[in-house]
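Step one of this worksheet: look at the structure below.
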Amino acid sequence: PDTIAVRDGVLVLTPRFEPGTDPKAERKAPFVSGRINTSGKFDFTYGRAEARIRMPDAVGVWPAFWLLGNGPWPTTGEIDIMEYVGDKSWAGTAMHGPKYSGETPFVDRFYFPAGEDATGWHTYAAEWSKDQVEFFIDGRLTYRVTKPMVQNYGRWAFDNPEYVIINFAMGGAYPGKVNGITQPYFGVPAETVEKVKRGEVSMEVDWVRVWAPE
């Protein structure tokens, strides 16, 4: 229950080290964590989605703030507004759709300027229109993907409603490919496992806002 909590007005997602509790026995995941979404409650087509978030200082974590279409993945598109794999010097963005999913060509890293890193409070946003998506961190435009760029690879999959997701994953393909760690878990070093055991690893979300197009 404490993987998802509200403390002092802030949403807190906290992974726990609980081997043997994964409901999918074949997966045997040793971590339990939190995920919230607006599926079936709220979705939108075009506009701006923004959240104020603070990341933990822990290699191999994988918190994210993203939008997902209601159809089979990736046919109705995925917009990753913020992904973090535990390197506090940068945060990532990406887009996925038919023929440009997984190892997508539409991925970018924003490296924080001197004196800043992902463990501070930052606002992460995507401005989505019928022919492009722009990404912002603290109001700074960091990346732009246009419809013609996407159509070099596949169909533009962003003319349909998408809902909001905030989740905290641990390890896996993205962190593992970035940090090269394989033990004790793919993408997650022993130091991070110990931090999780001590309850020192959390993603904090101050607020989430969505605006209709102007």
Side-chain angles (χ1 to χ4, degrees), residues 24 26-27 29 33 35-51 53 60-87 90-111 118 124-137 140-182 185-188 208 210-213:
K24 294 185 178 179
E26 70 282 3
R27 186 172 55 186
S33 191
R35 170 184 172 123
I36 64 170
N37 66 72
T38 65
S39 178
K41 301 179 179 68
F42 171 79
D43 56 23
F44 69 106
T45 306
Y46 313 137
R48 182 183 179 96
E50 184 173 71
I53 300 172
V61 298
W62 191 1
F65 166 44
W66 46 304
L67 308 178
L68 185 65
N70 294 288
W73 188 87
T75 60
T76 50
E78 174 182 329
I79 301 173
D80 297 324
I81 302 172
M82 184 283 302
E83 292 185 279
Y84 174 68
V85 296
D87 181 341
W90 62 272
T93 56
M95 291 175 62
H96 303 266
K99 297 185 179 180
Y100 50 97
S101 59
E103 297 292 334
T104 171
F106 304 111
V107 61
D108 186 65
R109 294 181 182 182
F110 172 78
Y111 286 88
Y124 301 90
E127 189 90 32
W128 169 26
S129 70
K130 63 181 179 62
D131 53 14
Q132 69 176 21
V133 178
E134 294 181 322
F135 296 91
F136 299 84
I137 296 180
R140 296 170 288 205
L141 176 64
T142 63
Y143 188 48
R144 178 186 293 114
V145 177
T146 67
K147 187 173 183 177
M149 289 167 61
V150 166
Q151 289 174 328
N152 285 316
Y153 296 88
R155 178 179 56 83
W156 175 258
F158 306 97
D159 289 325
N160 47 258
E162 301 210 356
Y163 60 93
V164 180
I165 304 172
I166 294 177
N167 73 285
F168 198 129
M170 289 291 299
Y174 194 2
K177 289 180 180 179
V178 170
N179 60 38
I181 293 167
T182 59
Y185 303 103
F186 186 41
V188 184
V208 180
V210 175
W211 292 266

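By convention here, the first residue in the shown sequence is residue 1. Please read these numbers as outputs of a predicted model, since none were measured by experiment.
The closest side-chain heavy-atom distance from V145 to V150 is below 4.5 Å. Residues I165 and R35 form a side-chain contact, since some pair of their non-hydrogen atoms from C-beta on lies under 4.5 Å apart. Looking at heavy atoms from C-beta onward, L67 lies in side-chain contact with V164 at the 4.5 angstrom threshold. Considering only heavy atoms from C-beta on, F136 stays 4.5 Å or farther from E50 through its side chain. Counting only heavy atoms from C-beta outward, the side chains of E103 and K177 approach each other to under 4.5 Å. Two residues are said to be in side-chain contact when any heavy atoms from C-beta on lie closer than 4.5 Å; F110 and T93 fail this criterion.
Nearest heavy atom pair, residue I79 against residue A126, reads CG2-CB, 4.3 Å. When all heavy atoms of Y100 and A157 are compared, the closest pair comes out as OH-N, 3.4 Å. Residues P175 and W62 come closest through the heavy atom pair CD-CE3, 3.6 Å. G69 and N160 make their closest contact through CA-ND2, 4.2 Å (heavy atoms, listed as atom of the first residue, atom of the second, distance). Taking every heavy atom of both residues into account, E83 and A64 meet most closely at CG-CB, 4.1 Å. When all heavy atoms of R48 and A125 are compared, the pair lying nearest together is NH2-CB, 3.6 Å.
Checking side-chain atoms of T142 against main-chain N and O of I137 turns up no donor-acceptor pair under 3.5 Å. The backbone N or O of T75 lies less than 3.5 Å from a partner atom in the side chain of R155, making a donor-acceptor pair. Judged by distance alone, with hydrogens and angles left aside, the side-chain atoms of T104 form a donor-acceptor pair with the main-chain N or O of M95 at under 3.5 Å. A donor-acceptor pair under 3.5 Å links the side-chain atoms of W128 to the main chain of F158, judged by distance alone.
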With side chain to side chain contact (heavy atoms under 4.5 Å, CB included) as the criterion, how do V208 and I166 come out once you've worked through the C-alpha distance, each side chain's angles and the decisive distance to 0.1 Å? CA-CA 10 Å; V208 180; I166 294 177; 3.5 Å; yes

Could you walk me through whether V61 and M170 pass the side chain to side chain contact (heavy atoms under 4.5 Å, CB included) test, one step at a time? CA-CA 5 Å; V61 298; M170 289 291 299; 3.9 Å; yes

Kindly determine whether K147 and D159 satisfy side chain to side chain contact (heavy atoms under 4.5 Å, CB included), including the steps that lead there. CA-CA 11 Å; K147 187 173 183 177; D159 289 325; 4.1 Å; yes

Could you go step by step and tell me if W73 and L68 meet the side chain to side chain contact (heavy atoms under 4.5 Å, CB included) rule? CA-CA 8 Å; W73 188 87; L68 185 65; 3.7 Å; yes

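Using cut-offs of 30° and 60° on the angle between ring planes, the pair W90 and Y174 is tilted. Ring-plane geometry between F135 and Y143 is classed as parallel, the angle between the planes falling under 30 degrees on a 0 to 90 degree scale with a further cut at 60. Classified by interplanar angle (parallel below 30°, tilted 30° to 60°, perpendicular above 60°), the ring pair F42/F44 is parallel.
For W66 and N167, the side-chain atoms include at least one donor-acceptor pair closer than 3.5 Å.
Taking CD1 from I81 and CD from E127, the interatomic distance works out to 10.5 Å, rounded to the nearest 0.5 Å.
Two rings, from F106 and Y153, have their centers less than 6.0 Å apart.
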